[in-house]
Amino acid sequence: MREYNFKEVEQKWQEKWNSNTLFKTNDKVEGKENYYVLEMLPYPSGNLHVGHARNYTIGDVIARYKKMKGYNVLHPMGWDSFGLPAENAAIQHGAHPATWTKSNIENMRRQLKLMGLSYDWDREVATYTPEYYRWNQWIFKRMYDKGLVYKKKSTVNWCPDCQTVLANEQVEDGYCWRHSKTKVIQKDLEQWFFRITNYADELLTGHEELREGWPEKVLAMQKNWIGKSFGTEIVFTVAETGEKLPMFTTRIDTIHGVTYCVVAPEHPIIEEIIKVNPSIKEAIHNMRNMDMIERTAEGKEKNGVFTGWHVINPVTGDKVQLWAADYVLMNYGTGAVMAVPAHDDRDFAFAKKYNLPRKVVINGYNKETKEEIIINADEMTAAMTEEGVMTNSGEFNGMNSKEALEKIADYVTAKGVGEKTVKYRLKDWGISRQRYWGTPIPVLYCEKCGMVMEKDENLPVMLPEDVEFTGNGNPIETSEKYKHAVCPVCGGPARRETDTMDTFVDSSWYFLRYCDPKNIELPFGSEAVNAWTPVNQYIGGVEHAVMHLLYARFFTKVLRDLGLLKANEPFKRLLTQGMVLGPSYYSEKENRFLFAHEVRTAGDKAYSIETGEELVIKVEKMSKSKNNGVDPEVMIKKYGADTTRLFIMFTAPPEKELEWNENGLAGAARFLNRVWRVVLENVEMIKDEKIDYSKLSKEDKALVRKLHQTIKRVTEAIEDNYHFNTSIAGNMELINDVYDFRNNVLGTEKESTESQKVFGEVLRNIVIMLSPFVPHFCDELWEAMGEEGFLFNASWPEYDEKLTVADEITMAIQVNGKVRGSISVERTASKEDIEKMALAVENVQKHTEGKTVAKVIVVPGKIVNIVVK
Ligand code: ANZ
Ligand code: ZN
Ligand code: ZN
């Protein structure tokens, strides 16, 4: 018998699949339902990492399984190929972003092919190509026409040395990533926005459609991000000028407890105040220049300054100080807050720091005795944020605070000083980037016509080639050809917009392009997209829970409203895969993480090969900084793609963390070898012939039962949230039974033509059921059995419920209430027969000897009760 040579087998089948265009998908196949399986498209950084390998293996097993279940399956792949790293590589090594990107894609495509993934490569999409980004520009224009695109001033990170805008990840502790001594400042620039807030409510209510197919935690994160708050806008009056100053509060019940008010340092009133009170200028300047990440960090100490002005509470008439503080943000609510230190944590901390007064307006409440618990403002150590009894609140005293919230809201509305409102935390999506490697925004500025959109027939607006990557400014601005363009309206001279789009725009609709990737008239045809969407199963990392998934949902709704597709939601089901963990080895002496090849392990200890030092072992997320990553290509070369895939799928359910270990890979390889041997040794028994169940021996029946139980278990585990690990475990158990059968039945007097058929049938089904996991391996065995074609086109096996249950059952026998033995009887046996058999059991006879049997009660299928005297 030949050995299992994974290298030969994998290469052979990858070539065959390819030359037979096995994974080519048509939009419609007679009699088949469509099923769209999608994995999040990768950024082409250069090499696959193990997280990719896991993501794509999960997707591939689902695609292959669904295909075998009779669906017409779409399973595409592409490249999220615009973005910062390519531009940084250009700045640092001089390679053009396109060259760098292209060669990375080529390498990663090669690696994906090594894994044996069932992609329809004819539908491959790369977002950096003009064929793709042209449609970003087209969609941008359609959104502009609908009022969903606008420009406004907004704050960005700016490095005065680079003379350019920095992304958040290019700001390191407040300093420029390239100029470690240059402080990044905040600068207001005109920026492009998508009006995603128009869809805030639908992005929330749409969750109902996703409740069943999406992880609860992802929906919760989105809900939190959208942040819908019901509250009141209450209008205070500035004492010094008489102007109105509206504040947004969710706690209007605390209006009598306001002891000062706060505005954001960016609030327009601040400019007015500075004119008369310039001493606050520096403090304001410092607050404004703090970056947002730092400013909104939880638990950060709050800073503020008294403006010198005051405001009047419209309910109480109280005059209180007006402050400016960094914890109030301009882009939420009205940018102004009524502060209630006795009942709000942030206000409490701020008031304590600056010695501002507290006023209690809600007392405690004993739920059992229903008694009011008086709170003394001077003795508080923290804000009282719970529900309670109103106090110091005039006519509302004694009322429950929840009730008072409604009552006071009505009261201020009636008085004309306030109004109930809803606010969202969700902001409009800022999409402009002052960089080269992205989709050019199709806008021009004409001296005569002002701002105009580029004409459809002039799309795509191509990225210029004549650019320099110096690290200073936006590279596009170095292209004279690009900047000096022709106005599409009057033909006069015009300047092109030099901003490019956020790469999240690219990934917000790529899954629609896969449905119709070669369309040159439209981003996609409605018929093709409606045939496939919503995507049936999406798979990716939980790090995309908010931005990418929210933007893709927004785009789907916008494109639906533009009449381009029918779906309300892009992804019906979402699977967020768990992280891949590996052991890290830390040297305390060298103060660094060692690579695996520098480490010698012994039992559960690890030592530096070079110094002999015992190392600190921790199992944690694989990452470059911990030197604990594994390279999937190295694993594939060493163990084969099938073994690697099997290990990934067997070791943990997809949504859980996966702990990488090479012993596990070796175990997976041993299992495959066991299957290989037993199939090839007995290949002539595998004939797919009809079994005559009436002629089976006890052993044959047991193996048939195990087979049907396994098909049931394996199938149900996949259907139940893709618990592939259980499916593989089922097949492993079945292989153990196969070996027992081979040792105990085959070659003995128990072997018959029927037992050979049973044995062959079991092996055949194991090979079918393992094929989504280890497809090359199984196709090789399938061919060895004399089958034609590929398991990708085979049918998933069905189980027969009747055959999963034993036709013999075990019954316990009791004598005077004590269990004395058991019998195995035919399911159909009569009560008399059961009674006779029970009384004949040796141990039962011992306990009935010399006594009279008064009664025998037979509960069929369960128990035999013998009463003796
Ligand atoms: C008075 C008050 C009393 C408040 C109290 C809370 C508790 P959510 O729930 O997140 O919507 N707020 C309003 N606008 C703000 C801004 N621009 N920056 C920072 N804080 C702001 O939060 C609403 C609450 O956050 C509002 O209700 C307001 O403080 C504050 F016992 O008003 B509250
Ligand atoms: Zn810089
Ligand atoms: Zn013009």
Using a 3.5 Å cut-off and no angle test, enumerate the donor-acceptor pairs between side-chain atoms of residues 852-869 and protein atoms at least two apart in sequence or in another chain.
none

Got a sec, which pairs hit salt bridge (Lys or Arg N to Asp or Glu O under 4.0 Å) with one end in [range], sequence neighbours left out?
range: residues 718-738; answer: K706-E733, R713-E733
range: residues 738-750; answer: E681-R742, E699-K750
range: residues 49-68; answer: D60-R64, D60-R645

With sequence neighbours excluded, residues passing ring-ring contact (aromatic ring centres under 6.0 Å, His included) with [X]:
X: F647; result: W660
X: Y119; result: H75, W121
X: F511; result: F571
X: H49; result: H52

Are [X] and [Y] close enough that a side-chain donor and a side-chain acceptor fall under 3.5 Å?
X: N26; Y: N72; answer: no
X: Q111; Y: N47; answer: yes
X: R670; Y: N673; answer: no
X: E662; Y: Y639; answer: yes

Could you check whether any side-chain N or O of [X] sits under 3.5 Å from a backbone N or O of [Y], counting only pairs where one atom can act as donor and the other as acceptor?
X: N34; Y: A531; result: yes
X: S830; Y: D833; result: yes
X: T576; Y: V542; result: no

- Message: If the condition is side-chain hydrogen bond (donor to acceptor under 3.5 Å, both in side chains), which residues does W782 pass it with, not counting sequence neighbours?
- Response: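 Partners of W782 by the side-chain hydrogen bond (donor to acceptor under 3.5 Å, both in side chains) criterion come out as none, since no residue qualifies.
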- Pairs touching residues 849-869 that satisfy ring pair (Phe, Tyr, Trp, His ring centres under 6.0 Å), sequence neighbours left out: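 The answer is none; no pair qualifies.
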- Within residues 766-777 or reaching into it, pairs that qualify as side chain to side chain donor-acceptor pair (under 3.5 Å) - sequence neighbours excluded: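 Counting only pairs at least two positions apart or across chains, the side chain to side chain donor-acceptor pair (under 3.5 Å) contacts touching residues 766-777 are Q14-H776, D642-H776.
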- Give me the ring orientation class for F724 and Y722: parallel if the planes are under 30° apart, tilted from 30 to 60°, perpendicular past 60°.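 Because their plane-to-plane angle is under 30°, the rings of F724 and Y722 count as parallel.
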- Message: Evaluate M649 against I728 for side chain to side chain contact (heavy atoms under 4.5 Å, CB included), listing each step before the verdict.
- Response: CA-CA 8 Å; M649 300 305 276; I728 297 169; 3.7 Å; yes
- Determine, for Y538 and R573, whether the Lys NZ or Arg CZ falls below 6.0 Å from the six-membered ring centre while staying within 45 degrees of the axis.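 Pair R573/Y538 does not count as cation-pi.
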- For E684, does the CD atom have more than 12 heavy-atom neighbours from other residues, nucleotides or ligands under 6.0 Å away?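 Yes, because the 6.0 Å sphere around CD of E684 holds more than 12 heavy atoms from other groups.
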Enumerate, atom names and distances included, each donor-acceptor pair closer than 3.5 Å involving a side-chain atom of residues 755-768, sequence neighbours excluded.
{"residue": "S755", "atom": "OG", "partner": "S752", "partner atom": "N", "Å": "2.6"}
{"residue": "S755", "atom": "OG", "partner": "S752", "partner atom": "O", "Å": "2.9"}
{"residue": "S755", "atom": "OG", "partner": "S752", "partner atom": "OG", "Å": "3.2"}
{"residue": "Q756", "atom": "NE2", "partner": "E751", "partner atom": "OE2", "Å": "2.5"}
{"residue": "K757", "atom": "NZ", "partner": "K690", "partner atom": "O", "Å": "2.9"}
{"residue": "K757", "atom": "NZ", "partner": "E754", "partner atom": "OE2", "Å": "3.2"}
{"residue": "E761", "atom": "OE2", "partner": "N765", "partner atom": "ND2", "Å": "3.4"}
{"residue": "R764", "atom": "NH1", "partner": "E787", "partner atom": "OE2", "Å": "2.4"}
{"residue": "R764", "atom": "NH2", "partner": "D688", "partner atom": "OD2", "Å": "3.4"}
{"residue": "N765", "atom": "ND2", "partner": "E761", "partner atom": "O", "Å": "3.0"}

